[in-house]
Each structure stands twice: as structure tokens, then as C-alpha cells.
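A short worksheet on the structure shown next.
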Number of protein chains: 2
Amino acid sequence: MRYGNPWIRQRMIEEGMRFTEARRAILDILGKSLQHLSAEDIYFKVRRINPSVGFATVYRTLDVLTRMGIVQRFDFGDGKARYELIGGMGKEEHHHHLVCTGCRKIIDYTDFIDEEKELINKTEQALARKYGFYITNHITPVQ
Amino acid sequence: MRYGNPWIRQRMIEEGMRFTEARRAILDILGKSLQHLSAEDIYFKVRRINPSVGFATVYRTLDVLTRMGIVQRFDFGDGKARYELIGGMGKEEHHHHLVCTGCRKIIDYTDFIDEEKELINKTEQALARKYGFYITNHITPVQ
DNA sequence: ATAGATGCAAAAATTTTGCAAGGTG
DNA sequence: CACCTTGCAAAATTTTTGCATCTAT
């Protein structure tokens, strides 16, 4: 069940990028993960697949994927960023994070998600009109 | 209009802490600021008031104030944390941030805030019941 | 007087960058 | 084969820490 996602591969190639082994491995890892992984987490996981991959490649790949809108980067306030495949984790595409300030445990939740989506949509439209922003994403960690 | 806020001072003393010059100066700065300041921003501003204050004190003070629930820490995704006095800036207590991914400009907004507050309250109550979390804060930057 | 706070500089931790070498389309 | 990507190590950034000294209560 590798993430050799042909759609992502195609998009990268169309944009003049290369779908390398390192990138495929990182997408695999993100696709299979049930957690919100830090760059370090991903680095150690990739190394089990391909021990020659370096830290810089992990960061550069995450940056590329984030810019492409395939990966979402989060800051939960502990000094290191976490990454998550958008629409990944076999869950609903839209969810939030509940972060325990004591133990840093993170719970994804989707309670009242429909009501929220409706409100968010209304808000985003209003903001786009009012401030000229095109909304690409939003985050609501509770911390 | 210094922020020698007697209420905060009293709370600190009650909790066995000291309301030092550095802490008062940092509260002043946060209280007067219309922006979301980084530790570095605050450091340079404090230095204009009291040139002997060091970086470590700024970080330690922000940490204390954050733990006390007086200051809110944000990560907007550019690698450095920003700090904001809760209920400060002469604005409504509850607001959100619109962050431009291009230029990093931040706009505070409160559109649909009443509807949102209602939904948030309902959600928080449900989450608290369901997961046993006591909700202390939430953040919704659009990034 | 005394526990808490500070300043300084060093250390830690995370992320970025330069460049020669390698791999992909 | 051209050009994007990688690995490595060094550098840059932000934040934390140790410890002697200072200071608010």
C-alpha cells in the first residue's frame, strides 16, 4: 500500500519536478501515519526505508509538499513543526486538534464539523471579500 | 498609561512571584502594542526602556505570563513565536488572525464572532465531556 | 533576610544553506 | 543529457540553561 500516488507524481512532473525515491518514501510515511509527525520523526522513519536519506532532504521535501498544498504544516507550540497529509489518515478531510498542555497528547476531533464548516465557509467568503484574501487553509488547535 | 496593572501585580505576588521592573516593562510593551510581537521585537523595545534587560529575561517573562494565562503565544509558521496580551490591543477580547502566506501580514478579524463564540462554546463543552479536556484556549490562524 | 529573578554567555534544538555529486525524465 | 535533487556538514536562528549576583517583598 505504498503512496506512489500517481496523481501526485503526475503533478510533480508536470511542474518540472522529479518524483524521487526520497519523496515517494516520505509520502508513504505520511500516508500511513496516524500521528502528526515532526521532521525528526519522518527522518527516522525514512532512514528505515532508505538509510542514505538526509535531514535536509526531509525538510526540503516537506517544504515542497507544503507549497504544493499536499501537506499541511502545524505548530503546536513545542518548538518543532508537525506535518500531516491533507485529507490523509483515513479520516475526514476536515478536522481539528485538541492539544493537552500537560502531556502534549493530540486528539483529532470532528465534533460539530458540519455546523463549523458552514460557519467557516460563510466567514471565509466574507473575509475574502472584505480583505481581498483568498483563503487557502485554516487551523484551530486548542492549546 | 503604563501597564503597572495592579491586578496582575497582585496575582503575581499572591503566587509567590515578584513584580520586577523587567516584567512591568514587558507588560507595558505588550499592553501598548497593536502588533503581535516576537520575543526579539519585545527585547529591542524593552532595551529602550531598560538597556540592561537580557534576552533570557524576555523569554522567561513571556513564559511566566503565558503560564499565568495573561499572554497568549502564537506560532504563525515562520519559525518564531509571537506574543499577545489576552484581551489587549484595545480590541474585543476574542479575535482571529488572518495571515498572508506571501508577505506574512497579519490582520485581526472578528467577523461573525458571536455566531462563532456560540459554536465554540458548544464544541468546547462537548469536547470537555467527551475527552475529559478542560479547554483553556483556542487559536484559529488562517495560513 | 531570603527566595525568586536577572544577566551574561554558553549550549541546545530546530531548520536552512552551499556545493559537489548523483539520479530522473 | 540537462537539470533537478541529494548528502553532507557547516551555518543560521530561535529558545533554553547554568550560575553567580541582584532585588523585591
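Only heavy atoms go into these numbers, but all of them, side chains included; no hydrogens, no water, no symmetry mates. Below, chain A is the first sequence line, B the second, and so on; all start at residue 1.
Regarding Lys80(B), its NZ atom lies at a distance of 16 Å from the P atom of dA12(D), rounded to whole Å. Atom C1' of nucleotide dT6(D) and atom OH of Tyr43(A) are separated by 13 Å, given to the nearest angstrom. Distance Glu40(B) CD to dA12(D) C1': 13 Å, rounded to the nearest Å. Rounding to whole angstrom units, CZ of residue Arg18(B) and P of dT21(D) are separated by 18 Å. As rounded to whole Å, 16 Å separates atom C1' of dT5(D) from atom CD of Glu15(A). Distance Phe19(B) CZ to dT23(D) P: 17 Å, rounded to the nearest Å. Whole-Å rounding puts the Leu65(A) CG to dT5(D) P distance at 11 Å. Residue Asp78(A) contributes atom CG, which lies 11 Å from atom P of dT16(D) at whole-angstrom precision.
Of all nucleotides listed (dT6(D), dT25(D), dT15(D)), dT6(D) comes nearest to the side chain of Ala22(A). The Ala56(B) side chain lies nearest to dT17(D) when the options are dT17(D), dG25(C), dT5(D).
Each of Phe55(B) and Thr20(A) has a nearest nucleotide on DNA chain D; the 5'-most of these lies closest to Thr20(A). Taking the nucleotide of DNA chain C with the nearest heavy atom to each of Gly16(B) and Arg47(B), the more 5' of the two is matched to Gly16(B). Of the two residues contacting DNA chain C, namely Arg60(A) and Pro51(B), the nearest-nucleotide position lying further toward the 5' end is that of Pro51(B). Both Asn50(A) and Tyr83(B) lie near DNA chain D, and the one whose nearest nucleotide falls closer to the 5' end is Asn50(A).
One finds no side-chain N or O of Tyr59(A) lying less than 4.0 angstrom from the OP1 or OP2 phosphate oxygen of dT16(C). Considering only side-chain N and O atoms, Arg23(B) lies under 4.0 angstrom from the phosphate OP1 or OP2 of dA5(C). In terms of phosphate contacts, Arg82(A) brings no side-chain nitrogen or oxygen within less than 4.0 Å of OP1 or OP2 of dT14(C).
Remark: Asp41(A) does not engage Lys45(A) in a salt bridge, criterion side-chain N to carboxylate O under 4.0 Å.
Between Val64(A) and Arg23(A), some side-chain heavy-atom pair lies under the 4.5 Å cut-off.
Heavy-atom minimum distance, Ile29(B) versus Ile42(B): CD1-O, 4.2 Å.
Evaluated for a ring pair (Phe, Tyr, Trp, His ring centres under 6.0 Å) with Tyr43(A), the options Phe55(A), Tyr83(A), Tyr59(A) yield exactly one hit, Phe55(A).
Formation of a donor-acceptor pair under 3.5 Å by the Arg47(A) side chain with backbone atoms of Gly54(A) is not found in this model.
Contact annotation for Ser52(A): backbone-only contact, meaning every heavy-atom pair under 4.0 Å involves sugar-phosphate atoms and none involves a base.
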